[in-house]
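Keep in mind that the numbers below use all heavy atoms, side chains included, and drop hydrogens, waters and symmetry copies.
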Amino acid sequence: MSRLAQTHGLTDVQMEILSTVRDFVDKEIIPVATELEHRDEYPQDIVDGLKELGLFGLMIPEEYGGLGESLLTYALCVEEIARGWMSVSGIINTHFIVAYMLKQHGTQEQKDHFLPRMAAGDIRGAFSMSEPALGSDVSAISSKAVRDGDEYVLNGQKMWLTNGGTSSLVAVLVKSDEGHPEGTAAHKSMTTFLVEKEPGFGEVRPGLTIPGKIDKMGYKGVDTTELIMDGLRVPADRVLGGVTGRGFYQMMDGVEVGRVNVAARGCGVAQRAFELGVQYAQQRHTFGKQIAQHQAIQFKLAEMATKVEAAHAMMVNAARKKDSGERNDLEAGMAKYLASEYCKEVVEDAFRIHGGYGFSKEYEIERLYREAPMLLIGEGTAEIQKMIIGRRLLEEYRFQG
């Protein structure tokens, strides 16, 4: 294990899991990540390896065939995987958000039906909140579900689905007016539907189309797509939890897990950037000595390492808070905000240390430089995180005048 970003108080089982994942990252991900990323190729062999390790069932309870591990264990595994290639961590993140939502909010029938196959990796999950016109304003969702006997008919367009093509189960948030009279607050008239589909692109089931992959600056390999519903019929028993109007709360609960995950990704990418920077600084010579011996570079390395440590500590704190059963939106928001901002800064400093070579696609830091910006917007922008943090602080420190 590296000297940076150590986590105290882990069990022997947690340490063994993390050691196994780190070995897998070093041997199976880092050597091929840049080549696959440049080709925008889905890392099927890596995903198959994660399936063999049982990582798709990491947080799913043992009674459903999973490992029953904590959010902390999962976040630390994500940190290691993102250190190898952030796109791979995205493949398992959306899967686990859906599995977590099912575990916390699903009916017993839904848990029995989906979780064992999700634990085995035979069903891959994706979730969908965003739409082309709403960005961070979830209350502006226009996709809609209308009851028709024992089914609902869904219409609308969703955006930014990670695993949109490769998934076989999508948790979709839409408006549903049934039982919610006009004037009901928007967040109380939303419902999450569990939509099963065939993996792939085009019409993947009647009324549901997954167009081709969105071409992105970074975060390649993993498929990011739209989702178009045109008369999509979904059985009423596929309403998450069996009751309409709870979708917003279910999704926000899942997003808290997602924000810890994004923080963990930021920590992992920052760690890798530091490793690349400190290594190159000892290989490159200028003015008769290693550039690592120049004070300006030492200052950069000191700042980078401190940011890696601080982000890791906040991520661990947010995960442990969620595991305790306590509300953690404040901690998750802080961790996501700090880790993503620090990740961007550490990656840029490593890029600067590489000088002109950092601009070359032959060097790994070039890939990290394109990947880091996604963390600034994924699972809520920095501005959204600061809004959440500010509101929660005012709740905690309400002035009694």
Practice item. Could you tell me whether the side chain of Asp23 reaches within less than 4.5 Å of the side chain of Ser19, counting heavy atoms only? Key: yes
Exercise for review: Apply the test side chain to side chain contact (heavy atoms under 4.5 Å, CB included) to residues Thr209 and Phe201: give CA-CA distance (whole Å), side-chain angles for both, the deciding distance (0.1 Å), then the verdict.
Suggested key: CA-CA 7 Å; Thr209 299; Phe201 301 97; over 6 Å; no
**Study point:** Working for salt bridge (charged side-chain N to carboxylate O under 4.0 Å, His left out), residues Glu348 and Lys344
**Key:** CA-CA 6 Å; Glu348 182 171 341; Lys344 173 189 65 102; 5.3 Å; no
Point to revise | Side-chain donor or acceptor of Lys111 paired with backbone N/O of Lys103 under 3.5 Å | key: yes
Review point. According to the ring pair (Phe, Tyr, Trp, His ring centres under 6.0 Å) rule, which pairs have a member within residues 321-343, sequence neighbours left out?
Key: none
Point to revise | ring pair (Phe, Tyr, Trp, His ring centres under 6.0 Å) partners of residues 36-75, not counting sequence neighbours, each pair once | key: Phe56-His95, Tyr74-Phe96
Point to revise | Basic-acidic side-chain contact under 4.0 Å: Arg265, Glu79 | key: no
Revision key, fill the gap. Nearest heavy-atom approach of Val195 to Arg205 is CG1-NH1, 3.8 Å
Review point. Which distance, rounded to the nearest 0.5 Å, do you find between the CG of Leu4 and the CE of Met304?
Key: 10.0 Å
Check your understanding: With no hydrogens and no angle check, is any side-chain donor or acceptor of Thr34 less than 3.5 Å from a backbone partner on Glu364?
Key -> no
Review point. So do Met334 and Leu330 actually touch side chain to side chain, heavy atoms under 4.5 Å?
Key: yes
Check your understanding: Where the side chain of Arg391 meets the backbone of Leu393, is there a donor-acceptor pair that is under 3.5 Å apart?
Key -> no
Check your understanding: At what distance, to the nearest 0.5 angstrom, does NZ of Lys175 lie from CG of Asn155?
Key -> 14.5 Å
**Study point:** Asn93 CG to Met86 CE distance, which is reported to the nearest 0.5 Å
**Key:** 11.0 Å
Exercise for review: Start with the C-alpha gap between Glu69 and Ile60, add the side-chain angles, then the distance that decides, and say whether side chain to side chain contact (heavy atoms under 4.5 Å, CB included) holds.
Suggested key: CA-CA 7 Å; Glu69 274 296 330; Ile60 294 174; over 6 Å; no
Study note, to complete from the structure: Minimal heavy-atom distance between Gly84 and Ala33, with the atoms involved, is O-CB, 3.7 Å
Review point. Nearest 0.5 Å, what's the CG-OG1 distance between Leu55 and Thr73?
Key: 11.0 Å
Review point. Without hydrogens or angle criteria, can the side chains of Glu198 and Ser168 be said to hold a donor-acceptor pair below 3.5 Å?
Key: no
Practice item. Start with the C-alpha distance between Ile123 and Leu115, add both sets of side-chain angles, then the distance that settles side chain to side chain contact (heavy atoms under 4.5 Å, CB included), and finish with yes or no. Key: CA-CA 9 Å; Ile123 288 181; Leu115 288 180; over 6 Å; no
**Study point:** Between Ser360 and Glu362, a side-chain donor and acceptor under 3.5 Å
**Key:** no
Exercise for review: Look at the side chain of Gln271 and the backbone N and O of Val308, then say whether any donor-acceptor pair between them is shorter than 3.5 Å.
Suggested key: no
Point to revise | Ionic contact status for Arg327 with Glu395, cut-off 4.0 Å | key: yes
Check your understanding: Could Glu37 and Arg367 be called an ion pair, given the rule that one side-chain N must be under 4.0 Å from one carboxylate O?
Key -> no
Check your understanding: Between Arg238 and Glu196, is a salt bridge (charged side-chain N to carboxylate O under 4.0 Å, His left out) present by the stated rule, with each step listed?
Key -> CA-CA 9 Å; Arg238 289 299 175 256; Glu196 297 171 84; 3.4 Å; yes
Review point. Taking the side chain as C-beta and beyond, is there a heavy-atom pair between Leu208 and Glu203 under 4.5 Å?
Key: no
Exercise for review: Would you sort out whether Arg370 and Glu366 count as a salt bridge (charged side-chain N to carboxylate O under 4.0 Å, His left out), showing the intermediate values?
Suggested key: CA-CA 7 Å; Arg370 288 183 290 103; Glu366 180 271 343; 2.7 Å; yes
**Study point:** Expected output: side-chain Asp223 to main-chain Thr166 donor-acceptor under 3.5 Å
**Key:** yes
Exercise for review: Please round to the nearest 0.5 Å and tell me the distance separating atom CD of Glu345 and atom NZ of Lys300.
Suggested key: 11.0 Å
Check your understanding: Side chain of Thr20, backbone of Glu16: donor and acceptor closer than 3.5 Å?
Key -> yes
Review point. With a 4.0 Å cut-off, would you call Glu275 and Arg83 a salt bridge?
Key: yes
Practice item. Check the angle between the aromatic planes of Tyr280 and His354 and answer parallel, tilted or perpendicular using the 30° and 60° thresholds. Key: parallel
Check your understanding: Any Lys/Arg nitrogen of Lys216 or Asp40 sitting under 4.0 Å from an Asp/Glu carboxylate oxygen of the other?
Key -> no
Practice item. State whether the side chain of Gln282 and the backbone N or O of Ala292 hold a donor-acceptor pair below 3.5 Å, judged by distance alone. Key: no
Study note, to complete from the structure: For Asp215, the salt bridge (Lys or Arg N to Asp or Glu O under 4.0 Å) test, sequence neighbours excluded, returns Lys220
Study note, to complete from the structure: What one should report as the nearest heavy-atom pair of Val262 and Glu379 is CG2-CG, 3.1 Å
**Study point:** Check against salt bridge (charged side-chain N to carboxylate O under 4.0 Å, His left out), Glu303 and Lys307
**Key:** CA-CA 6 Å; Glu303 292 169 358; Lys307 289 172 181 176; 5.1 Å; no
Study note, to complete from the structure: Of Gln157, Lys158, Lys213, the one forming a side-chain contact (heavy atoms from CB on, under 4.5 Å) with Glu226 is Gln157
Exercise for review: Look up atom CD1 in Ile17 and atom CZ in Arg22, then write down how far apart they are to the nearest 0.5 Å.
Suggested key: 16.0 Å
Exercise for review: Measure across Val269 and Leu368 and return the closest heavy-atom pair with its distance rounded to 0.1 Å.
Suggested key: O-CD2, 3.8 Å
Revision key, fill the gap. Between Leu36 and Pro43, the two heavy atoms sitting closest are CD1-CB, 4.1 Å
Practice item. Mind running side chain to side chain contact (heavy atoms under 4.5 Å, CB included) on Leu50 and Ile81 for me, showing each step along the way? Key: CA-CA 10 Å; Leu50 294 177; Ile81 292 170; 4.3 Å; yes
Review point. Does Ala332 offer a backbone N or O that forms a donor-acceptor pair with the side chain of Glu256 under 3.5 Å?
Key: no
Practice item. Would you confirm whether Gln14, through its side chain, and Thr11, through its main-chain N or O, come within 3.5 Å as a donor-acceptor pair? Key: yes
Check your understanding: Do Val78 and Ile92 touch side chain to side chain, with heavy atoms closer than 4.5 Å?
Key -> yes
Study note, to complete from the structure: From the list Arg392, Arg259, Lys321, salt bridge (Lys or Arg N to Asp or Glu O under 4.0 Å) partner of Asp329 resolves to Arg392
Review point. For atom CG of Asp230, is the number of surrounding heavy atoms from other residues, nucleotides or ligands below 6.0 Å larger than 12?
Key: no
Review point. So which heavy atom on Val260 is nearest to which on Ala318, and how close?
Key: CG2-CB, 4.0 Å
Check your understanding: So Ser176 and Thr191, side chain to side chain donor-acceptor pair (under 3.5 Å) or not? Walk me through it.
Key -> CA-CA 6 Å; Ser176 58; Thr191 299; 2.5 Å; yes
Check your understanding: Just by distance, with hydrogens left out, do His294 and Thr286 show a side-chain donor and acceptor under 3.5 Å apart?
Key -> yes
Review point. Checking Arg117 side chain against His113 main chain: does a donor-acceptor pair fall under 3.5 Å?
Key: yes
Point to revise | pair Phe127-Leu173: side-chain heavy atoms closer than 4.5 Å | key: no
